[in-house]
There are 2 protein chains.
Amino acid sequence: MSASQSQLRADAAENRARVLAVSRELFAERGLEVPMAAIARRAGVGVATLYRRFPTKESLVMEAFTEQFAVCQAVIDEALADPDPWRGFRTVIEKVCLLQATDRGFTAAFVATFPEMHSEVRERTWHCFGELVDRAKASGQLRADFSPHDLTLVLMANNGLAGVPVEVAVAASQRLVAYLLESFRTGTDALPPPVPLSLDLVLS
Amino acid sequence: MSASQSQLRADAAENRARVLAVSRELFAERGLEVPMAAIARRAGVGVATLYRRFPTKESLVMEAFTEQFAVCQAVIDEALADPDPWRGFRTVIEKVCLLQATDRGFTAAFVATFPEMHSEVRERTWHCFGELVDRAKASGQLRADFSPHDLTLVLMANNGLAGVPVEVAVAASQRLVAYLLESFRTGTDALPPPVPLSLDLVLS
DNA sequence: TGACAAGTGGAGACCCCCGTCCGCTTGGCT
DNA sequence: AGCCAAGCGGACGGGGGTCTCCACTTGTCA
């Protein structure tokens, strides 16, 4: 990596880093539709600088989120290492949904770059999750008719909560996830408290 | 109403009606971001005609969806008339979510125009649903910690399923709703079959 | 049937976005 | 210290959106 980074002049490298940091901030706050000019302005550089480092907006998005994708994979790996399959399963869903609720650009970036990722990576993730599901079913804690496709269902549903202020989104997401996990499992326990959502919140 | 309609010349009235019909079609198919020019083209009129009848795109949206809003209110009224409170409750959620899944512009229009509706209407809808919830709880079929705010939660979550082909969205929505209703209730029965969702579908 | 108000459509003003071009600046090496 | 390639930023082209303006057409009523 020092090959591509250290080739850059010191100031250029610093700018590049600042651009990435700012991108992550703004994408998280306002979603991927934030204009390149806004990123440039907040990073204190010109638009041209952005495009010199990242030939396209999409490439910037991709770069800005690779870290998050790694986190995702780590979450699944960790879950597979958990001796309790249900806890692993639950944790994956909780953590990924939290990530989604916290970072407004995350899902969009996820679906946008998903087709571009080496299918190898996709396959691996999918396979791992499938294994998690099988184990959880085998342990009798996950309902038998749960489908791995339901993970996508959860992610998409949870994504519908984006667009409200972060704290609200997080609380709402937690309650949604709790409801769903309760359906997924054989058993019951207390939900997090209701969230006073209002459709007005979507306007912000 | 005939006051404002019959003032229009015959051809103008016909154009207006066709514009509204086309709007509903396109909003349902492609969401609210469909350009005014596209609506005009499909309706076989010029852009100016649109703007003469509907001073702003927002006003067109509002007009195009008032019918759907009426359907919503009707659904709730019908549910209140149902002697079985749980069935009423369940039906409201199922029907509204189906509406959402079928019509891509519906939710967007709903949240967009919600703040503009006479608060009288909002209050009434909200009040009715609250009553439905109370009755369902009293009958012991709805969990006690269900909050009316959870309706908004469901709507937002269900909205996250928009953007995939309609048939898929409907199937996914049905499964999501089934999962959630199962959580909301004290009891259990069979879910609709899993939906082979893929994140790729979002790209369409 | 003829006159005129009501109706019409397309060109274009204005704005916002992505991505490029080009003349100026500056870090880094000798 | 001085050179120069690497770096820089702002102006600009191209596309697409909402909404307006205006010269032309057409329904309607006497």
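Keep in mind that the numbers below use all heavy atoms, side chains included, and drop hydrogens, waters and symmetry copies. Note that the structure is predicted; figures quoted are calculated from it, not measured.
- Taking only side-chain nitrogens and oxygens, Asn15(B) comes nearer than 4.0 Å to OP1 or OP2 of dT8(C).
- Ala10(B) comes within 4.0 angstrom of the backbone, heavy atoms only, and of no base.
- Between Tyr51(B) and dC19(D) there is a side-chain polar atom (N or O) within less than 4.0 angstrom of OP1 or OP2.
- The nearest whole Å value for the distance from the CD atom in Glu33(A) to the C1' atom in dC18(C) is 15 Å.
- In this structure, Ala37(A) and Gly46(B) both approach DNA chain C, and ranking their closest nucleotides by distance from the 5' end singles out Gly46(B).
- As a whole-Å value, the separation of Ile39(B) CD1 from dT18(D) C1' is 12 Å.
- Of the candidate nucleotides dG27(D), dT20(C), dC8(D), dT20(C) has the atom nearest to the side chain of Val47(A).
- In this structure, CZ of Arg41(A) is placed 15 Å from C1' of dC18(C), rounded to the nearest angstrom.
- When the nearest nucleotides of DNA chain D are assigned to Val45(A) and Lys57(B) by heavy-atom distance, the more 5′-ward of the two goes with Val45(A).
- OP1 and OP2 of dG7(C) both lie 4.0 Å or more from every side-chain N or O belonging to Thr49(B).
- Atom P of nucleotide dC15(C) and atom CE of Met36(B) are separated by 19 Å, given to the nearest angstrom.
- Looking at heavy-atom distances under 4.0 Å, Arg53(A) makes contact with sugar-phosphate atoms alone, never a base.
- At least one donor-acceptor pair closer than 3.5 Å links the side chain of Lys137(B) to the backbone N or O of Phe146(B).
- Distance Leu50(A) CG to dT20(C) P: 12 Å, rounded to the nearest Å.
- The closest donor-acceptor contact from the side chain of Glu63(B) to the backbone of Leu20(B) lies at 3.5 Å or more, if one exists at all.
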Tyr179(A) and Phe184(B): ring-ring contact (aromatic ring centres under 6.0 Å, His included), yes or no, with the steps? CA-CA 8 Å; Tyr179(A) 270 134; Phe184(B) 296 160; 4.7 Å; yes

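- For Arg9(A) and dC8(D), the shortest distance from a side-chain N or O to OP1 or OP2 is not below 4.0 Å.
- Distance CG (Leu32(A)) to C1' (dC17(C)): 15 Å, rounded to an integer number of Å.
- Judged by distance alone, the side chains of Thr107(B) and Asn159(B) do bring a donor and an acceptor atom under 3.5 Å apart.
- Side-chain nitrogen and oxygen atoms of Arg52(A) include none within less than 4.0 Å of the OP1 or OP2 phosphate oxygen of dG9(D).
- Atom-to-atom, CG of Leu8(A) to P of dG7(D) comes out at 6 Å; the value is rounded to the nearest Å.
- Looking only at distances, a side-chain donor or acceptor of Arg143(A) sits under 3.5 Å from a matching main-chain atom of Ser183(A).
- Between the CG atom of Asp11(B) and the P atom of dG9(C) there is a distance of 10 Å, rounded to whole Å.
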